[in-house]
Amino acid sequence: MVDTDRIVGAAKDLGGRVQGAVGDLAGSHRDSAEGRLREAQGRAQEAYGQAKDGLRDVADNVSDYAGDAYERVSDRGGAYLRDGTRAVEARVEENPFVALLIAGAVGYGLALLLHSRR
């Protein structure tokens, strides 16, 4: 999508060129100078519109890449999570007492860490 600043800038640039040329032909320094000023303003506005278009395109591309990356990670991450959950469930079913001791040790360690921060 073309930015409106590009269109308006191109129109000002063209109008300024015409006004400058008419001023040169008529010998009017004022019209010639105003035309050159409008031409410069138009070019600046057109460049501003091009910059906005470029940034918009970059932002769209980054958004697309981020969405694709999120989809890939969530697809693979879900599989890893399911596999990990199954592995932990299998270990707990095989040795429930050891799992209980490990969970208690982890809880005790966390309690010491939290208590020492106060």
Side-chain angles (χ1 to χ4, degrees):
M1 182 167 95
V2 177
D3 191 77
T4 57
D5 284 315
R6 290 179 73 177
I7 297 168
V8 172
K12 281 184 183 179
D13 180 30
L14 181 62
R17 287 182 190 195
V18 169
Q19 185 179 5
V22 168
D24 289 342
L25 288 174
S28 172
H29 295 294
R30 181 173 183 232
D31 284 337
S32 179
E34 284 180 5
R36 301 294 179 247
L37 178 64
R38 281 181 59 192
E39 184 179 344
Q41 288 173 340
R43 285 185 183 169
Q45 189 170 2
E46 188 175 3
Y48 175 69
Q50 287 175 346
K52 283 179 22 180
D53 280 344
L55 288 175
R56 188 178 303 118
D57 290 344
V58 168
D60 289 344
N61 288 340
V62 167
S63 175
D64 292 343
Y65 291 141
D68 291 345
Y70 177 77
E71 288 176 12
R72 286 188 204 131
V73 168
S74 63
D75 290 345
R76 292 180 186 149
Y80 292 138
L81 181 62
R82 284 189 298 277
D83 292 345
T85 302
R86 288 183 192 134
V88 169
E89 286 175 354
R91 299 289 179 194
V92 169
E93 286 177 5
E94 289 173 8
N95 298 315
F97 184 69
V98 172
L100 184 61
L101 285 176
I102 291 172
V106 169
Y108 184 73
L110 285 174
L112 286 176
L113 284 173
L114 292 175
H115 182 68
S116 66
R117 287 191 165 187
R118 289 184 185 180

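From a predicted model like this one, the values you see are computed outputs, not experimental measurements.
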Just how far is it from atom [atom1] of [X] to atom [atom2] of [Y], taken to the nearest 0.5 Å?
X: Leu113; Y: His115; atom1: CG; atom2: NE2; result: 11.5 Å
X: Gln45; Y: Arg6; atom1: CD; atom2: CZ; result: 12.0 Å
X: Thr4; Y: Lys52; atom1: OG1; atom2: NZ; result: 5.5 Å
X: Leu14; Y: Glu46; atom1: CG; atom2: CD; result: 10.5 Å

For the pair Arg86 and Glu89, evaluate salt bridge (Lys or Arg N to Asp or Glu O under 4.0 Å) and give the outcome as yes or no after the intermediate values. CA-CA 5 Å; Arg86 288 183 192 134; Glu89 286 175 354; over 6 Å; no
Decide side-chain contact (heavy atoms from CB on, under 4.5 Å) for Arg56 and Asp53; before the verdict, give the C-alpha distance in whole Å, the side-chain angles of both, and the deciding distance to 0.1 Å. CA-CA 5 Å; Arg56 188 178 303 118; Asp53 280 344; 2.9 Å; yes
4.5 Å side-chain heavy-atom contact, Gln19 and Leu37: no
Salt bridge check: are Arg38 and Glu34 linked by an N-O gap of less than 4.0 Å? no
If every non-hydrogen atom of Asp31 is compared with every non-hydrogen atom of Gly23, which pair is closest and at what distance? CB-CA, 3.8 Å
Could you report the tightest heavy-atom contact between Ser32 and Asp24, atom names first, then the distance? OG-OD1, 2.7 Å
Within one Ile-Leu-Val-Met-Phe-Trp-Tyr cluster: Val106 and Leu114, side-chain cutoff 4.5 Å: no
